[in-house]
Amino acid sequence: MYKYVLKRLLMLIPVIIGVTFIVFFILNLSPGDPAAIILGDQASAEALAMKRKELGLDDPLLVRYGHYMINMLHGDLGTSYKNNLSVWSQVMERFPNTAVLAVAGILVAILIGIPTGIISARKQYSLMDNTAMLLSLIGVAMPNFWFGLLMVIMFALTLGWLPSQGMGEGFIPLIKSLVLPAVTLGTGAAAMITRMTRSSMLEVIRQDYIDTARAKGVSDKKITTRHMLKNAMIPIITAVGLQFGTLLGGAMLTETVFSWPGLGRLMVDSIKSKDIPMVLGSVIFLAIMFTVVNLAVDIIYAFVDPRIKSQYKRK
């Protein structure tokens with residue numbers, strides 16, 4: 001197991017190199033001059049030239065990329081063009097807010113997706129199954145930001161039950177401000193988890209040991225929880241892990257709609273101002289977190305299925 005974990009951590013190196021290379025060149029080759037964005041349209045040519053030299057924008061692109069990678073190896077993700085603050089400190093300040101939102105969103109997805117998928121599989125081709133699959137299809141196709149705007153209009157503007165934006169201070173205000181963005185994120189993820197749970201459960205339902213358990217008089221509840229769900233957990237865990245990783249890195253639009261002070265919103269603002277160090281630092285951090293989530297999912301496999309744990313030992 002330890003060798004496997006170490007091997008997966010070493011795989012982070014090419015992932016980070018690839019991510020930084022692609023994002024760095026896309027940002028630097030896209031239209032827009034960071035110096036002009038910082039100083040404004042009224043800045044003189046001399047001021048712009050001095051600012052470009054200060055930011056190191058006069059160097060060739062490959063040289064700038066090499067300098068960035070060397071600094072990153074020393075733990076320096078650079079300084080923000082926008083506010084001249086450390087990228088690392090700002091990322092660590094915003095990421096806990098994104099993590100709270102992602103955890104709340106995945107909890108909503110699990111509470112909706114897994115029970116719905118189980119019921120759909122147990123009542124295959126029934127009205128409930130068809131309705132659940134239709135709703136899950138709508139959930140997959142529906143953009144999160146559009147659903148979030150509908151939630152704001154209904155529950156914040158019309159009914160006035162919940163706040164429409166911001167992150168409340170204190171437990172109760174935090175929970176109230178978390179409801180709408182968490183439900184917005186969770187419903188999309190729930191649609192994927194529902195479909196995966198249903199598919200995985202249907203494969204298990206047709207196995208011979210399920211018929212044997214029924215023949216022995218085991219109750220439907222025990223068959224569902226101890227035999228069906230337990231043996232269908234690997235694909236479900238995979239779906240949950242992938243959706244959680246996606247929520248960590250893909251909550252930008254939701255955070256923007258609800259003015260949630262998370263890392264996704266910081267990235268959107270940094271892209272608008274072409275704050276290259278901030279975007280790069282945020283992307284690198286999210287890439288690492290996504291890999292760590294996938295690694296955690298692989299480790300959970302070993303606790304769910306002993307056969308997988310034995311494979312790790314052989315490796």
Side-chain angles (χ1 to χ4, degrees), residues 12-99 101 145 149 164-167 169 181 248-290:
L12 271 174
I13 298 174
V15 170
I16 293 174
I17 293 175
V19 168
T20 52
F21 182 85
I22 294 172
V23 176
F24 184 89
F25 279 88
I26 288 176
L27 288 173
N28 282 278
L29 294 175
S30 61
D33 183 1
I37 295 174
I38 294 171
L39 298 179
D41 297 333
Q42 305 300 323
S44 64
E46 293 79 8
L48 290 174
M50 290 180 61
K51 194 63 178 178
R52 290 192 191 98
K53 186 176 181 179
E54 178 187 342
L55 298 176
L57 299 176
D58 289 340
D59 296 329
L61 199 57
L62 288 175
V63 174
R64 287 154 55 191
Y65 178 72
H67 288 162
Y68 183 84
M69 294 301 294
I70 292 172
N71 292 334
M72 189 180 69
L73 290 176
H74 290 86
D76 182 13
L77 293 179
T79 303
S80 170
Y81 290 166
K82 188 176 180 180
N83 51 30
N84 205 32
L85 296 176
S86 168
V87 170
W88 175 253
S89 64
Q90 293 182 80
V91 168
M92 295 309 297
E93 180 183 351
R94 293 292 192 99
F95 178 71
N97 300 336
T98 296
L101 181 57
F145 70 89
L149 291 174
S164 62
Q165 59 182 1
M167 182 178 178
E169 297 182 2
L248 281 176
M252 292 182 287
L253 293 177
T254 302
E255 290 183 0
T256 302
V257 169
F258 292 98
S259 298
W260 189 265
L263 189 55
R265 187 182 173 196
L266 177 64
M267 288 178 61
V268 172
D269 295 338
S270 301
I271 291 171
K272 291 179 181 178
S273 60
K274 205 171 182 181
D275 191 346
I276 295 174
M278 182 58 68
V279 177
L280 275 171
S282 302
V283 170
I284 291 170
F285 185 81
L286 290 176
I288 293 173
M289 293 306 302
F290 192 86

A.B. asks: Using distance only, find each side-chain donor-acceptor pair of residues 65-73 under 3.5 Å and give its atom names and separation, not counting sequence neighbours.
C.D. replies:
unit_1	atom_1	unit_2	atom_2	d
Tyr65	OH	Ile17	O	3.4
Tyr65	OH	Thr20	OG1	3.4
Asn71	ND2	His67	O	3.2

A.B. asks: Does Arg64 have any side-chain hydrogen bond (donor to acceptor under 3.5 Å, both in side chains) partners at least two apart in sequence or in another chain, and if so, which?
C.D. replies: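 Per chain and number, Arg64 pairs via side-chain hydrogen bond (donor to acceptor under 3.5 Å, both in side chains) with Asn28.
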A.B. asks: Identify the heavy atoms of Met289 and Leu248 that sit nearest to each other, and give their distance.
C.D. replies: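 It is CB-CD1, 4.5 Å.
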A.B. asks: Tell me every residue that passes side-chain hydrogen bond (donor to acceptor under 3.5 Å, both in side chains) with Asn83, counting only those two or more places apart in sequence or in another chain.
C.D. replies: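 Asn83 satisfies side-chain hydrogen bond (donor to acceptor under 3.5 Å, both in side chains) with Ser80, Gln90 once adjacent residues are dropped.
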A.B. asks: Mind checking what makes ring pair (Phe, Tyr, Trp, His ring centres under 6.0 Å) contact with Phe290, not counting sequence neighbours?
C.D. replies: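 If we apply the ring pair (Phe, Tyr, Trp, His ring centres under 6.0 Å) test to Phe290, skipping adjacent residues, there are no hits.
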A.B. asks: Would you sort out whether Ile284 and Val23 count as a side chain to side chain contact (heavy atoms under 4.5 Å, CB included), showing the intermediate values?
C.D. replies: CA-CA 9 Å; Ile284 291 170; Val23 176; over 6 Å; no
A.B. asks: Would you please name every residue forming a ring pair (Phe, Tyr, Trp, His ring centres under 6.0 Å) with Phe145, sequence neighbours left out?
C.D. replies: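 None.
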A.B. asks: Which residues satisfy the side-chain hydrogen bond (donor to acceptor under 3.5 Å, both in side chains) test with Thr98, sequence neighbours excluded?
C.D. replies: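 With sequence neighbours excluded, Thr98 shows a side-chain hydrogen bond (donor to acceptor under 3.5 Å, both in side chains) to Glu255, given in chain and number order.
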A.B. asks: Answer yes or no: is there a side-chain heavy-atom contact under 4.5 Å between Leu77 and Leu280?
C.D. replies: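 They are not in side-chain contact.
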A.B. asks: Return the minimal non-hydrogen interatomic distance between Met167 and Pro261, and the atom names on each side.
C.D. replies: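 Closest pair (atom of Met167, atom of Pro261, distance): CB-CD, 3.7 Å.
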A.B. asks: Run the numbers on Leu286 and Met267 for side chain to side chain contact (heavy atoms under 4.5 Å, CB included), then give the verdict.
C.D. replies: CA-CA 11 Å; Leu286 290 176; Met267 288 178 61; 3.5 Å; yes
A.B. asks: State whether the side chain of Trp260 and the backbone N or O of Thr254 hold a donor-acceptor pair below 3.5 Å, judged by distance alone.
C.D. replies: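 Looks like no, no N/O pair under 3.5 Å.
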A.B. asks: Can you give me the closest heavy-atom contact between Gly281 and Val87, atom names plus distance?
C.D. replies: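 Shortest heavy-atom contact: CA-CG1, 3.9 Å.
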A.B. asks: Do Phe25 and Leu62 pass the side chain to side chain contact (heavy atoms under 4.5 Å, CB included) test, and can you show the C-alpha distance, the side-chain angles, and the key distance before you say yes or no?
C.D. replies: CA-CA 9 Å; Phe25 279 88; Leu62 288 175; 3.6 Å; yes
